[in-house]
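Working notes, structure below.
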Amino acid sequence: MQAEPRTISFESLPKLDNHGLPPIWVDAVSLTLRHDQTGNDVGLFRCYSFLPDLAYEVARLQVSPMFLRALADLLARTTNYYPSKPEATQERARE
């Protein structure tokens with residue numbers, strides 16, 4: 001007899017903060033989507049800090065597109081800022 005698959009959600013899991021992990025200052029982020037070797041969509045979330053002569057990458061996270069959407073929703077709700085789609089993007093979407 002096989003066990004039922006277990007659904008895990010972030011909300012249902014206990015949280016264990018890593019207090020030894022130092023916070024980092026982030027001045028800019030970069031988000032990209034691509035296909036990995038298996039044909040799945042993968043999101044790359046990169047964080048940068050500015051130095052006088054360059055932008056230094058301080059973190060790189062590989063995440064699912066679903067996580068990127070959830071992150072965008074969380075940022076919008078937290079800051080109460082809901083940007084509109086740029087006009088050029090709207091034009092391409094109609095084509």
Side-chain angles (χ1 to χ4, degrees):
M1 184 172 173
Q2 288 187 338
E4 290 290 319
R6 191 172 134 196
T7 302
I8 297 174
S9 70
F10 179 75
E11 292 78 15
S12 67
L13 292 172
K15 311 299 183 286
L16 178 63
D17 293 336
N18 182 354
H19 297 287
L21 188 63
I24 56 173
W25 185 264
V26 174
D27 294 303
V29 297
S30 168
L31 303 172
T32 56
L33 285 175
R34 63 176 179 81
H35 294 292
D36 68 6
Q37 295 86 354
T38 63
N40 295 319
D41 288 335
V42 176
L44 189 61
F45 180 73
R46 300 168 79 178
C47 301
Y48 294 87
S49 288
F50 293 160
L51 298 175
D53 295 335
L54 59 94
Y56 178 72
E57 185 180 22
V58 294
R60 183 183 304 173
L61 306 171
Q62 189 168 315
V63 298
S64 70
M66 187 172 73
F67 175 84
L68 286 178
R69 286 183 178 268
L71 177 63
D73 289 341
L74 178 64
L75 288 171
R77 282 195 314 271
T78 301
T79 61
N80 197 28
Y81 177 68
Y82 300 88
S84 59
K85 188 181 268 190
E87 191 63 35
T89 304
Q90 291 175 355
E91 290 297 323
R92 281 193 296 254
R94 288 188 210 129
E95 294 175 354

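Because only heavy atoms are used, hydrogens play no part in the values below, and waters and symmetry mates are left out as well, while side chains stay in.
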Nearest 0.5 Å, what's the CZ-CG distance between F67 and L74? 8.5 Å

Could you state the interatomic distance from CG (D73) to OH (Y82), rounded to the nearest 0.5 Å? 8.5 Å

Taking [Y]'s backbone N and O only, do any of them form a donor-acceptor pair with [X]'s side chain (distance below 3.5 Å, no angle check)?
| X | Y | answer |
| --- | --- | --- |
| S49 | W25 | yes |
| N18 | G20 | yes |
| D41 | P65 | no |

[X] and [Y]: same hydrophobic cluster, using ILVMFWY side-chain contacts below 4.5 Å?
| X | Y | result |
| --- | --- | --- |
| V26 | L21 | no |
| L54 | V29 | yes |
| I24 | L71 | yes |
| L31 | L33 | yes |
| L61 | L75 | yes |

Specify the closest pair of heavy atoms between [X] and [Y], including all atoms of both residues, with the distance to one decimal.
| X | Y | answer |
| --- | --- | --- |
| K15 | L13 | NZ-O, 2.6 Å |
| Y56 | L51 | CB-CD1, 4.0 Å |
| F50 | D27 | N-OD2, 2.7 Å |
| R60 | L44 | CG-CD1, 3.6 Å |

